[in-house]
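Chain naming here is simple, since letters A, B, ... match the order of the sequence lines and numbering starts at 1 in each.
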Amino acid sequence: MTNTGAIGNAPLTGSDLRAFFERDAIAVARDLIGCHLLVNGSGGLITETEAYFPHDEASHSFRGPTKRNGAMFGPPGNVYIYRIYGMYWCLNFVCTPGSAVLIRALEPQSGIAGMIERRGTDVLTQLCSGPGKLCQALDIDIEINNRLLDRPPFSISRSAPVPITSGTRIGITKNAEVPWRFGIQGSRYLSKPFR
DNA sequence: CGGAAGATCCTCT
DNA sequence: GAGGATCTTCCGG
C-alpha cells in the first residue's frame, strides 16, 4: 500500500490541520507515515506510528479523561505527551477525542547535530528508532504537552508518497493482536522491523 | 544476535 | 501499591 494523500509540503495549519486529524486514528496513523515533523528545528520523516482508541484497552484513554491523559481529549492536531516507565517521554498526536497516534520513529533530516548530542550516539539509525529515543533526540518533554501541531515548537507537513506496511503494536499486553502499527516499508529507521 | 533484567516515577486503583 | 504505548546493558550462544 502507498500513502496517496501526500501532496505538496507546506506545513499543515488551521483548518487543514484539523481536517487531517479529525479522522479515524488508523487512517491518520497511516497517512502520517512519510510526513515531515519538526520540533524546534530538529526532525525528519515519520517512519513508524501506532493508533489508539477510547474503546481500546491498550489506550490511556480507555477509562476516560484523567489528569494525565487530558491532552488526549483535546482538539484534533493536539499534542499528548506522557512519561513512560519513569524515564522516557512519548509523543502522540490527537485525532478524534480520546483517539491518538503514537509517533514511534523517524528518519533524521534536520538538526542532526543536536540529536547526536542529546542521544549520546552518532549512529543515525539509532537517534529516533523508538518513541523514547525520538523524544530524547528532539528534546521533547511535558513542557510542550497539550499544544497544537501548527504552533511552535512544532511544524508538520506532508511529503512525497512512501510504501506503507503494518503490523501489531509494540510493548502492550491488552488488545495486542490488532494490526494498528504502521511504517515505511523497508526503512532502516524503525524501532523494530515489520514481519 | 537474542533474551533478561534493571533503572525510575508518576498516575490511577 | 501495582504497573506501565521504553531503553540500555549484560550475558550466553
* Validation row: A:Pro54, A:Ser99 side chains within 4.5 angstrom (heavy atoms) -> yes

* Looking across every strand, which nucleic acid part, if any, lies under 4.0 Å from A:Arg169 by heavy atom: base, sugar-phosphate, or nothing? -> nothing

* **Nearest listed nucleotide, side chain of A:Tyr85, among B:dC9, C:dA5, C:dT6** => C:dT6

* Calculate the interatomic distance between A:Ile84 atom CD1 and B:dC12 atom P; express it in whole Å. => 13 Å

* Check whether any side-chain heavy atom of A:Leu148 lies under 4.5 Å from a side-chain heavy atom of A:Pro75, and answer yes or no. => yes

* **Under-3.5 Å donor-acceptor pair between A:Tyr82 side chain and C:dA5 base** => yes

* Shortest side-chain distance from A:Met87, nucleotide among C:dA5, C:dT6, B:dT8 -> B:dT8

* To do: Consider the side chain of A:Lys67, meaning its heavy atoms from C-beta on, and name the nucleotide among B:dT8, B:dC12, B:dC9 that approaches it most closely.
  => B:dC12

* To do: Can you sort out which residues in residues 125-133 of chain A have a heavy atom within less than 4.0 Å of DNA chain C? Ascending by number, please.
  => A:Gly130, A:Pro131, A:Gly132, A:Lys133

* State whether A:Arg119 places a side-chain N or O below 4.0 Å from either non-bridging phosphate oxygen (OP1 or OP2) of C:dT8. => yes

* Asked: If we only count heavy atoms from C-beta on, is the A:Asp141 to A:Ile81 side-chain gap below 4.5 Å?
  -> no

* To do: Measure from CD1 on A:Ile81 to C1' on B:dC10 and round the result to the nearest Å.
  => 16 Å

* Structure fact -> When rounded to whole Å, the CZ to C1' distance for the pair A:Arg118 and C:dC7 reads 18 Å

* To do: Report the base-pairing partner of C:dA5 (Watson-Crick or G-U wobble, both distances below 3.5 angstrom), or none.
  => none

* Asked: Ring-on-base stacking between A:Tyr52 and C:dA5, under 5.5 Å between centres and under 30° between planes: is it there?
  -> yes

* Asked: Rounded to the Å, how far apart are A:Lys174 NZ and C:dA2 P?
  -> 16 Å

* Are any of the side-chain heavy atoms of A:His36 and A:Asn9 separated by less than 4.5 Å? -> no

Please output the side-chain donor-acceptor pairs of residues 102-114 of chain A that fall under 3.5 Å, not counting sequence neighbours, one pair per line with the distance.
unit_1   : atom_1 : unit_2   : atom_2 : d
A:Arg104 : NE     : A:Glu48  : OE2    : 2.7
A:Arg104 : NH2    : A:Ser191 : OG     : 3.1

* To do: Look at the side chain of A:Tyr88 and decide which nucleotide, out of C:dT6, C:dA5, B:dT11, has an atom nearest to it.
  => C:dT6

* Asked: Are more than 12 heavy atoms from other residues, nucleotides or ligands located less than 6.0 Å from atom CZ of A:Arg188?
  -> no

* Asked: Within this structure, what is the CD-to-P distance between A:Gln136 and C:dT6, rounded to whole angstrom?
  -> 15 Å

* Round to a whole Å and report the spacing from CG of A:Asp56 to C1' of C:dA5. => 10 Å

* A:Phe21 and A:Val101, any side-chain heavy atoms less than 4.5 Å apart -> no

* **Counterpart base for B:dT8, defined by Watson-Crick or G-U wobble contacts under 3.5 Å** => none

* **Spacing between A:Ile142 atom CD1 and B:dT11 atom C1', to the nearest angstrom** => 12 Å

* Asked: With sugar-phosphate meaning primed atoms plus P, OP1 and OP2, does A:Leu102 contact a base, only sugar-phosphate, or nothing at under 4.0 Å between heavy atoms?
  -> base

* Asked: Are the ring centres of A:Tyr52 and A:Trp180 closer than 6.0 Å?
  -> no

* Asked: Counting only side-chain N and O atoms of A:Arg104, is one of them less than 4.0 Å from OP1 or OP2 of C:dT6?
  -> yes

* Structure fact -> A:Trp89 atom CH2 is separated from C:dA5 atom C1', nearest whole Å, by 15 Å

